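This report concerns only the one structure given below.
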Amino acid sequence: MADSAAAGAFDIVEYYKDLVLKDPSISAPVAAVSSLVKIVERQRATTMSEFMKIVRNASETLKEAMHHSISLSAGCDVFLQQMSRLSHAQGVEECRDALISAGNNFVLTAGQCRDQVAEIGSPFVRDDQTILIHSYSRVIMGLLRRAVKQNKRFRVYVTESRPDQSGLRAADELQRLGVPCEVVLDSAVGYIMEKVDLVFVGAEGVVESGGLINKIGTYQLAIIARAAKKPFYALAESYKFVRLYPLSQYDLPTYRSDLLSFKDKADGEVDWQAELTENNPTLDYTPPEFITLLFTDLGIMTPSGVSDELIKFYLD
């Protein structure tokens, strides 16, 4: 009864979409936690099991609606783990109040995590460097803005990042900051790599092995950087650490068997441009051996350190 009543009174998916639409700077984990806080505020469960069921169902609804977005799922999992901790020693109302407080605090401090990553990573940016970044990443842009404020002079190559061309957004911001930048085709990364001093990439999620799930093209960037002996640095907030252990590109929750599968196109003409968008993946997996270091709000770490942090958070 309570579960259906809560669902009928509040559409968590629409609330999440509205948050993202109103504030393009908000990250998926933060928007997910804000949405779950709203669920907790509105429902009136009388038992702990009912309370936890409502929140878990809302989390699953949001994940499914967003096609199991890696970063959104990470935010939901952080919130659910906090709920699990609070439920052991408190009654329903106490747990509800504490969970609302914890969720709101997460939302308020999420921006600080991004600032901490920028502070930790900015010493790696030096005068006269040429940096390569991939797609658009809020945390990378924060680092580069900090470097500009420190009066460092550097140049940036930005990948176009198809299919959504999100690299163009990064290039626009860099131009407004007065940073010399050029947009390069995704297929031209190998061509310009010898001119690059280091590579920065963001992350949709950092998995247990220390590998990355990120915008499509990150893996090939890492392969080329390694072949050219260029440092490959990943930047991510610790709330994007996820309990996944993919062994290949096809182990990701976002994997679809129909992507890049050979279909019968014998009938009529094919719109290959539309096919590019509809028939290609948007994320890929970069194994930990290709990553030089991770810059996080917990500090600088090697990929092997991620599993330790996940253990601390989920098992301590």
Side-chain angles (χ1 to χ4, degrees), residues 1-23 25-116 205-206 208 236-244 253 296-298 308-316:
M1 290 281 294
D3 198 357
S4 60
F10 179 70
D11 188 332
I12 190 170
V13 175
E14 288 305 314
Y15 185 82
Y16 171 87
K17 289 179 178 178
D18 192 49
L19 280 177
V20 174
L21 184 64
K22 288 180 177 176
D23 183 6
S25 69
I26 195 171
S27 64
V30 174
V33 170
S34 293
S35 302
L36 290 171
V37 166
K38 190 61 65 174
I39 279 284
V40 174
E41 288 175 344
R42 295 175 72 94
Q43 58 94 5
R44 289 293 183 268
T46 56
T47 66
M48 188 63 73
S49 61
E50 183 186 16
F51 174 84
M52 296 179 74
K53 180 183 177 183
I54 290 171
V55 178
R56 284 177 177 144
N57 287 349
S59 172
E60 196 56 37
T61 297
L62 192 54
K63 288 180 181 181
E64 289 180 2
M66 296 296 108
H67 309 291
H68 293 276
S69 158
I70 302 298
S71 57
L72 178 145
S73 297
C76 289
D77 290 347
V78 166
F79 191 80
L80 293 180
Q81 176 62 12
Q82 192 66 40
M83 178 179 70
S84 180
R85 284 177 177 166
L86 293 170
S87 68
H88 290 313
Q90 305 184 54
V92 176
E93 284 304 311
E94 290 81 3
C95 180
R96 176 180 172 275
D97 292 343
L99 191 55
I100 291 170
S101 177
N104 287 332
N105 184 63
F106 174 89
V107 172
L108 290 172
T109 59
Q112 295 174 16
C113 292
R114 201 177 296 165
D115 293 340
Q116 288 169 339
V206 184
E208 291 181 49
E237 304 93 326
S238 59
Y239 54 74
K240 289 185 178 178
F241 290 5
V242 293
R243 291 182 296 173
L244 295 172
T296 79
D297 50 290
L298 302 176
D308 293 337
E309 295 301 330
L310 281 167
I311 290 170
K312 288 178 189 176
F313 183 72
Y314 285 100
L315 297 183
D316 279 6

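As the structure is a computational prediction, the values presented were derived from the model and not from experiment.
Interatomic distance, OG1 of T296 versus CD of E237, reported as 9.5 Å (0.5 Å rounding). Atoms CG and CD, from N57 and Q43 in turn, are 11.0 Å apart once rounded to the nearest 0.5 Å. T109 OG1 to N104 CG: the interatomic distance, rounded to the nearest 0.5 Å, is 10.5 Å. The CG atom of L36 lies 12.0 Å from the CD1 atom of I100; values are rounded to the nearest 0.5 Å. The line from CD1 of I39 to CZ of F51 is 10.5 Å long, rounded to the nearest 0.5 Å. Atoms CG and NE2, from L62 and H68 in turn, are 10.5 Å apart once rounded to the nearest 0.5 Å.
D297 and S238 make their closest contact through OD1-N, 2.6 Å (heavy atoms, listed as atom of the first residue, atom of the second, distance). Residues R85 and Y314 approach most closely at NH2-N, 4.4 Å, considering heavy atoms. V20 and I26 get closest at one heavy-atom pair: CA-CG2, 4.0 Å. Closest approach of G103 and V33 over heavy atoms only: O-CG1, 3.7 Å. In terms of heavy atoms, S35 sits closest to I12 at CB-CG1, 3.7 Å. Pairing each heavy atom of V206 with each of A236, the nearest pair is CG2-CB, 3.7 Å.
Residues V13 and M66 are in side-chain contact: their nearest non-hydrogen atoms beyond the backbone lie under 4.5 Å apart. Within the 4.5 Å cutoff, the side chain of Q81 has no heavy atoms near those of the V78 side chain. Side-chain contact between M48 and K53 is absent, with no heavy-atom pair separated by less than 4.5 Å. Considering only heavy atoms from C-beta on, F79 stays 4.5 Å or farther from S59 through its side chain.
A donor-acceptor pair under 3.5 Å links the side-chain atoms of R96 to the main chain of V40, judged by distance alone.
Checked against the 6.0 Å centroid criterion, the rings of F106 and Y239 qualify as a close aromatic pair.
Salt-bridge check for D77 with K63: passed, with a basic side-chain N closer than 4.0 Å to an acidic carboxylate O. Under a 4.0 Å N-O distance rule, the pair K38/E41 qualifies as a salt bridge.
Environment of NE2 in H67: sparse, with no more than 12 heavy atoms of neighbouring residues, nucleotides or ligands closer than 6.0 Å.
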